[in-house]
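Please read the structure below before turning to the comments.
Because the structure is a prediction, the values reported are computed rather than measured. Residue numbers start from 1 in every chain, and the chains themselves are labelled A, B, ... in the order their sequence lines are given, proteins ahead of strands.
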2 protein chains.
Amino acid sequence: MTEKEHQRYRARAKVIKALGHPTRLFLVDQIAHEEKCVCELTQLVGADMSTVSKHLAILREAGIVEDEKRGLQVFYRLRVPCILNLFTCVEGVLKADAKAQAAAAR
Amino acid sequence: MTEKEHQRYRARAKVIKALGHPTRLFLVDQIAHEEKCVCELTQLVGADMSTVSKHLAILREAGIVEDEKRGLQVFYRLRVPCILNLFTCVEGVLKADAKAQAAAAR
DNA sequence: TTCCTATTTGCCATTTTAGGAAAATAATTT
DNA sequence: AAATTATTTTCCTAAAATGGCAAATAGGAA
């Protein structure tokens, strides 16, 4: 792997890694169809607001979501909708797992 | 987020997290179209074989790749081709980033 | 201004991840 | 059987990620 290649894979990995956390996946799902403020997301997640804020910051820095401040609140929305296709694929992996396990048990 | 939901998101995150590393993304790319043995992948990556083996194990445990031992060698291949679509989406994120940066600089 | 609310940031303890070196396994070859 | 090759596992250390609490920041309302 050349240095240039490595750099490219690092950039890609940063985006994917940002999605590699249960809470952040949940957040992406929550704002998939309509923007929501941190306060609402905090309630939905059920963790400290600072924790949720930091998760959102990671998604923002990865370029997956964008934010907009209106009054006191900050609203987050999905920036790249194709992310949702990813979920379909991941479900495919999990389904293949279930099938393989069933076959192994047979 | 209920416990059941959390469990579901954790399973999904495990799959995605497995992809969230430069070397593992590179490995997936390398075996995308034809299986390769650990020895060949080790040379391509340019790291310790034990390191590469461990990365492959993470991908296997996530259900993304599968392995087959033939003689002394172990060959790895992609198990879920839709993973490759993900790369397209990630490139989209990176491209959107570049565009936004260009706009901000203007 | 002062108070209140929403959000982010800094700090800290804990856990997880990464990667190399060496040892352990496994299948071939001599 | 002994030596060789490919791979995995174990051990260990360094680095990064997590998450809550408290403090800082920012905007709006009294």
Quick one: [X] [atom1] to [N] [atom2], roughly how many Å, whole number?
X       : N      : atom1 : atom2 : answer
B/Arg10 : D/dT18 : CZ    : C1'   : 14 Å
A/Arg70 : D/dA26 : CZ    : C1'   : 17 Å
B/Leu59 : D/dT7  : CG    : C1'   : 16 Å
B/Lys69 : D/dT5  : NZ    : P     : 16 Å
B/Leu27 : D/dT7  : CG    : C1'   : 15 Å
B/Lys14 : D/dA17 : NZ    : P     : 20 Å
B/Asp48 : C/dT17 : CG    : C1'   : 17 Å
B/Glu68 : D/dT7  : CD    : P     : 13 Å

Counting side-chain heavy atoms from C-beta on, which of [options] comes nearest to [X]?
X       : options                : answer
B/Val38 : C/dT8, D/dG27, D/dT8   : D/dT8
A/Ser53 : C/dT7, C/dT5, D/dT7    : C/dT7
A/His21 : C/dG19, D/dA17, D/dG19 : D/dG19
B/Ser50 : C/dG20, C/dT7, D/dG19  : C/dG20
A/Met49 : D/dG20, C/dG19, C/dA6  : C/dA6
B/Cys39 : D/dA6, D/dT18, D/dT8   : D/dA6

Checklist entry - Would a distance-only check, ignoring hydrogens and angles, find a side-chain to backbone donor-acceptor pair under 3.5 Å from A/Arg79 to B/Ala96? => result yes

Item to check | Flag, side chain of A/Lys36 to backbone of A/Gln30, donor-acceptor distance under 3.5 Å | outcome: yes

Item to check | Check: B/Lys54 side chain, C/dT17 base, donor-acceptor under 3.5 Å | outcome: no

Item to check | The single option from A/Leu56, A/Leu27, A/Ile83 passing side-chain contact (heavy atoms from CB on, under 4.5 Å) against A/Ile64 | outcome: A/Ile83

Checklist entry - Quick one: on DNA chain D, does A/Thr51 or A/Gly71 contact a more 5' nucleotide (nearest heavy atom)? => result A/Thr51

Checklist entry - Under 4.0 Å between a side-chain N or O of A/His55 and OP1 or OP2 of D/dG19? => result yes

Next on the checklist: Just checking A/Gln43: does its CD atom have more than 12 heavy atoms from other residues, nucleotides or ligands closer to it than 6.0 angstrom?
Outcome noted: no

Next on the checklist: Does the plane of the ring in B/His55 sit parallel, tilted or perpendicular to the ring in B/His21? Use 30° and 60° as the thresholds.
Outcome noted: tilted

Checklist entry - Heavy atoms under 4.0 Å, any strand shown: does B/Tyr76 hit a base, just sugar-phosphate, or nothing? => result sugar-phosphate

Checklist entry - Contact class for A/Arg24 (heavy atom, under 4.0 Å): base, sugar-phosphate, or nothing? => result sugar-phosphate

